[in-house]
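Working notes for the structure below.
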Amino acid sequence: MTESSAVQFDRVSVRYGQVTALRDFSLDVATGETVALLGPSGSGKSTALKALAGFVRPTSGRVLLAGQDVTGVPPHKRGLGVVVQQYALFPHLTVADNIGFGLRARRMRRAESARRVEEMLELVGMERYGRRYPRELSGGQQQRVAIARALAIRPPVLLLDEPLSALDAQLRADMLDELRQLRDELPDIAILYVTHDQTEALTLAHRIAVMREAELLDLDTAQGLYRQPPSEFTAAFLGGANLLPATVRDANGTVDVGAVTVNAMAPGPLVPGAHVRLAVRPHTIGVRRDGPGLAAVLTGLQWRGANYRLTCLIAGLDEPGGVSVHADVPSVDGLPRVGSPVRVRLPEHGAAVVARAGAASTAGDAGESSPQNLAGVA
Amino acid sequence: MTTAALAVERPARATRVSPLLWALPPLVVLAGFLIYPLVLVGVQSVTNEDGVRTLETWRSVLAAGEFHRAIGNTVLIAGAATAGCIVLGTFFAVVLALVPFPGSGAAARAIDTVLAFPSFLIALSFTFLYGAAGVLQLGDFLYSRWCVILAEITFYTPFVMRPALAALTHLPAERLAVAASLGARPGQVLRRVVLPEIAPAVAAGGALTLLLTLNEFGIVLFIGAKDVITLPMLVHSKGVVTFDYPSACVVAVVEVALSVLLYLLYRRIFRRKGARGADLVP
Amino acid sequence: MLIWSRSARWPIWALFAAVFLVIVAAPLAVLVAAALATEWNDVLPGGFTVAHLGSALTGENQASLLVSLQTAAVAGLAAVAVGTWAALALAAAPRWLRKGADGLLHLPVAIPSVVVGLGLLVAYSRPPLLLNGTRWIVLIAHLVLVLSFSYATVSSALTRIDDSYAQVAASLGARPALVLWRVRLPMLLPAMSAAAALAVALSMGEVGATIMVYPPDWRTLPVTVFTLTDRGRTFDAAAATLILLGATLVALLILGRVSRGRTTTGVSP
């Protein structure tokens with residue numbers, strides 16, 4: 001993927017004085033592909049985007065666009081479409097002038113530029129708003145204008161930096177739908193989408209790059225990362241998986257969690273007898289008063305409308321103090337009371353053995369940074 | 001992307017040099033019109049009328065009684081006026097923000113407008129208010145230090161009130177309500193919740209006021225009291241009344257040293273704490 | 001909010017009203033009354049006349065008013081230009097230069113205006129540049145004295161404007177010059193007009209430096225007011241001061257109108 005890549009990061013590092021904001025970052029994005037840079041704040045994802053846009057200069061490494069080195073090229077000669085967090089719509093210009101800004105900077109003829117602006121307004125469904133000023137628009141409308149402004153120059157690459165973070169929850173869901181549609185209407189554009197929200201990444205991205213502490217941690221398709229998280233950090237950050245200590249029973253992925261045996265997905269052949277971590281999604285866990293399963297105590301119960309989130313403390317499992325797991329169960333009656341003993345049932349399938357440790361069990365928690373191979377994976 | 005290929009590497013060097021060049025013109029203006037004159041003032045203070053380097057002027061100026069009186073007056077007036085401004089500015093801010101009344105907004109604006117006035121206006125109206133032939137017929141009060149102090153308090157109170165008022169608008173009303181609900185009487189709330197909150201802003205405003213009152217000239221000039229000589233007045237009278245440049249320069253150097261010292265202290269304390277509102281920008 | 005019972009607020013309001021009257025209202029009211037008074041030897045003026053105002057608008061006084069207006073306009077414009085230039089240039093400068101130059105640009109606040117005037121006298125009464133005796137020395141003095149304020153106003157507005165505006169403009173293909181002209185300056189325009197207003201107000205009322213340096217043919221209104229007071233013509237002085245205030249107010253209103261007409265900027269949240 002060299003000549004065909006729309007975007008290529010080649011071992012890019014960015015340092016501000018003593019602080020390393022991005023370390024040895026390499027990533028290719030193909031034309032027509034959407035890649036999400038997903039990570040908690042301070043993970044380096046925005047820095048990567050800024051290095052690509054030319055807003056910061058890499059301390060080392062190269063940035064390539066369509067195979068050409070643009071590392072030292074100023075932003076105004078890169079021709080990328082950029083949408084930033086707070087949109088940065090120019091307050092003194094109308095919507096139409098905002099969208100036409102890049103065209104005017106390119107000295108496009110007035111008539112042609114007006115036509116292009118109309119086209120863009122139509123694309124984002126803002127035909128009637130051309131003469132308004134940004135402050136007269138709602139947050140969602142401002143975002144549409146920002147996207148139209150970025151697309152007006154017909155960029156080969158579109159960079160979106162947390163474009164939904166300024167919106168409230170309901171609007172965010174609607175705009176996510178719109179962005180998804182827009183993505184499908186733009187088959188010739190490579191999109192780099194920076195976000196800390198796993199739902200946005202899973203909805204929009206073909207591939208997700210999980211960032212942590214200035215480094216690229218995992219890179220795979222959205223489904224791949226979700227089903228078979230390569231690291232504990234990704235397992236927890238993407239979908240909030242529970243991580244349970246397990247012992248490998250055979251190379252195909254059969255593992256023991258305490259007294260329970262589970263057929264899990266494995267990234268490769270496993271070493272029998274090795275200690276590994278099992279990623280189990282909350283919605284796949286069942287909690288019953290009795291019957292088979294791991295013995296536990298219900299320590300928390302939260303009603304969340306569509307379901308309940310239960311917190312259960314499983315005793316034993318070779319961990320002092322036990323292991324706490326989250327389970328999302330449907331709102332049915334007959335729930336056990338907090339403090340009462342329960343049985344935690346792990347899913348027959350769908351759990352995944354995590355290949356690498358070196359990560360905290362919760363998202364955003366800064367654990368030790370170097371990912372290492374577990375002894376369990378051959 | 002074809003355009004991108006044309007300009008690799010070159011702009012990087014340009015951006016490293018040009019910020020320095022761009023910053024040069026305004027600094028040249030400042031250097032030519034402020035720094036260079038100040039340096040010459042320093043040089044002039046150690047040069048006598050025949051162009052000979054000597055400390056004679058310093059010796060005679062520093063020994064003169066009028067210089068001592070001027071320093072005493074300057075410091076006393078500035079100190080007293082600043083104290084008055086702090087008390088009054090805090091009082092005005094607290095009343096306007098926390099015990100508002102219909103028209104308090106207009107009152108705040110009226111106090112603010114004083115900032116746009118020349119300071120001598122206050123002195124001029126004082127001649128009618130407190131002069132021997134004026135409204136209150138207070139005899140010699142007009143020509144006393146106290147009158148100068150009162151005039152400076154009138155003029156500089158907004159410099160304290162404004163940052164204090166700004167700090168009070170950041171104080172959430174809930175905090176006062178909570179304090180009251182916990183049983184604190186208004187006096188206690190004022191002392192233990194309100195004043196600590198606005199103290200940095202008041203201090204910053206007060207420091208700026210002290211600096212400005214040390215340098216105040218218009219009020220003293222217009223009131224025209226013969227006994228109330230301050231350092232700026234001395235610079236003026238030696239400079240353009242008796243045309244004794246070397247002596248005027250000596251006084252000016254002393255004054256600049258005093259002010260700049262205070263100014264550096266002010267910047268050091270308040271820039272670091274980031275006490276906004278007390279910035280120069282009204 | 002602080003005092004919860006209505007009855008307890010009255011004494012505080014009464015105290016406020018009393019202090020406000022003495023400190024703020026009385027000086028202004030007295031000045032207006034004096035400008036219109038025929039004589040004032042009692043508690044109240046003896047009678048009213050517009051003669052003082054009339055004389056303040058004719059002859060030498062009128063000339064002084066024009067001098068003041070021109071000085072304020074030129075010095076204010078120059079100060080806003082230099083201040084804005086400095087704010088923009090220093091925002092991009094390395095840290096050491098920014099800190100040092102920022103301190104230097106604020107320095108005129110700390111220097112007594114009389115000393116600024118004395119310095120200009122000493123420096124420009126000799127070669128290489130002889131400005132003493134010309135109107136330029138007055139203009140320069142005013143520029144130096146208001147520069148700090150206009151620089152501070154613009155640079156504090158600049159720090160409130162997010163970098164991303166300029167970055168996005170650049171990403172859309174705008175060269176630095178175009179970014180400056182089409183994005184940064186328009187967004188700074190409200191601050192620049194505020195800076196101009198402040199500069200004009202300060203310049204119109206300046207005495208300290210002006211009285212040190214003014215040549216006979218370039219006497220500003222405040223200096224004229226002082227000469228009037230010095231000669232005992234206090235009613236004329238009051239009237240001239242009132243005219244000065246009025247002119248300042250009109251200038252500020254025009255400036256406000258200009259900035260509001262040119263842009264309806266409110267930096268979006």
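Values below: all heavy atoms of this structure, side chains included; hydrogens, waters and symmetry mates excluded. In what follows, every chain begins at residue 1, and chains take the letters A, B, ... in the order their sequences are listed.
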Legend entry - Residue among B:P186, B:S125, B:P232 with most heavy-atom pairs under 4.5 Å to chain C: B:S125
Inset, instruction - Could you tell me which of C:V116, C:L90, C:V19 has the largest number of non-hydrogen atom pairs under 4.5 Å with chain B? - result: C:V19
Legend entry - chain B contact via C:L97 - which portion, at a heavy-atom distance below 4.5 Å: side chain
Legend entry - Residue among C:P108, C:G103, C:A101 with most heavy-atom pairs under 4.5 Å to chain B: C:G103
Legend entry - Parallel, tilted or perpendicular: rings of B:F155 and B:F159 (30°, 60°): tilted
Legend entry - Region of C:V82 that comes under 4.5 Å of a non-hydrogen atom in chain B: both
Inset, instruction - Considering only heavy atoms and a distance below 4.5 Å, find which of C:A86, C:G119, C:A25 pairs most often with chain B. - result: C:G119
Inset, instruction - Name the option with the most non-hydrogen atom pairs under 4.5 Å to chain C; the candidates are B:V41, B:V189, B:L121, B:L211. - result: B:L121
Legend entry - Per-residue contact mode, C:L105 against chain B (heavy atom under 4.5 angstrom): both
Inset, instruction - Give the member of C:L147, C:L15, C:V213 that has the highest number of heavy-atom pairs under 4.5 Å with chain B. - result: C:L15
Inset, instruction - Go through the atoms of B:L24 and report whether side chain, backbone, both or neither lie under 4.5 Å from a heavy atom of chain C. - result: neither
Legend entry - Region of B:L212 that comes under 4.5 Å of a non-hydrogen atom in chain C: side chain
Legend entry - Region of C:V32 in contact with chain B, defined by heavy-atom distances below 4.5 Å: neither
Inset, instruction - Could you check which of C:M212, C:E206, C:R126 has the highest count of heavy-atom pairs closer than 4.5 Å to chain B? - result: C:M212
Legend entry - C:F235/B:F128 aromatic ring centres below 6.0 Å: yes
Inset, instruction - Under 4.5 Å, counting heavy-atom pairs only, tell me which of C:T229, C:V225, C:L143, C:L244 racks up the most with chain B. - result: C:V225
Legend entry - Heavy-atom proximity to chain B below 4.5 Å, by part of C:T234: both
Inset, instruction - Give the ring-plane orientation class for B:F91 versus C:F16, where under 30° counts as parallel, over 60° as perpendicular and anything between as tilted. - result: tilted
Inset, instruction - Tell me, for C:L129 versus chain B, whether the close heavy atoms (under 4.5 Å) come from the side chain, the backbone, both or neither. - result: neither
Legend entry - Structural part of B:V29 lying under 4.5 Å from a heavy atom of chain C: side chain
Inset, instruction - Side chain from CB out, backbone as N, CA, C, O: work out which of these in C:I12 comes under 4.5 Å of a heavy atom of chain B, or both, or neither. - result: both
Inset, instruction - Please flag which part of C:L242 lies under 4.5 Å from any non-hydrogen atom of chain B: side chain, backbone, both or neither. - result: neither
Legend entry - Contacting moiety of B:A107, where chain C heavy atoms sit under 4.5 Å: both
Inset, instruction - Examine whether an atom of C:L245 lies under 4.5 Å from a heavy atom of chain B, and if so say whether it belongs to the side chain, the backbone or both; otherwise answer neither. - result: side chain
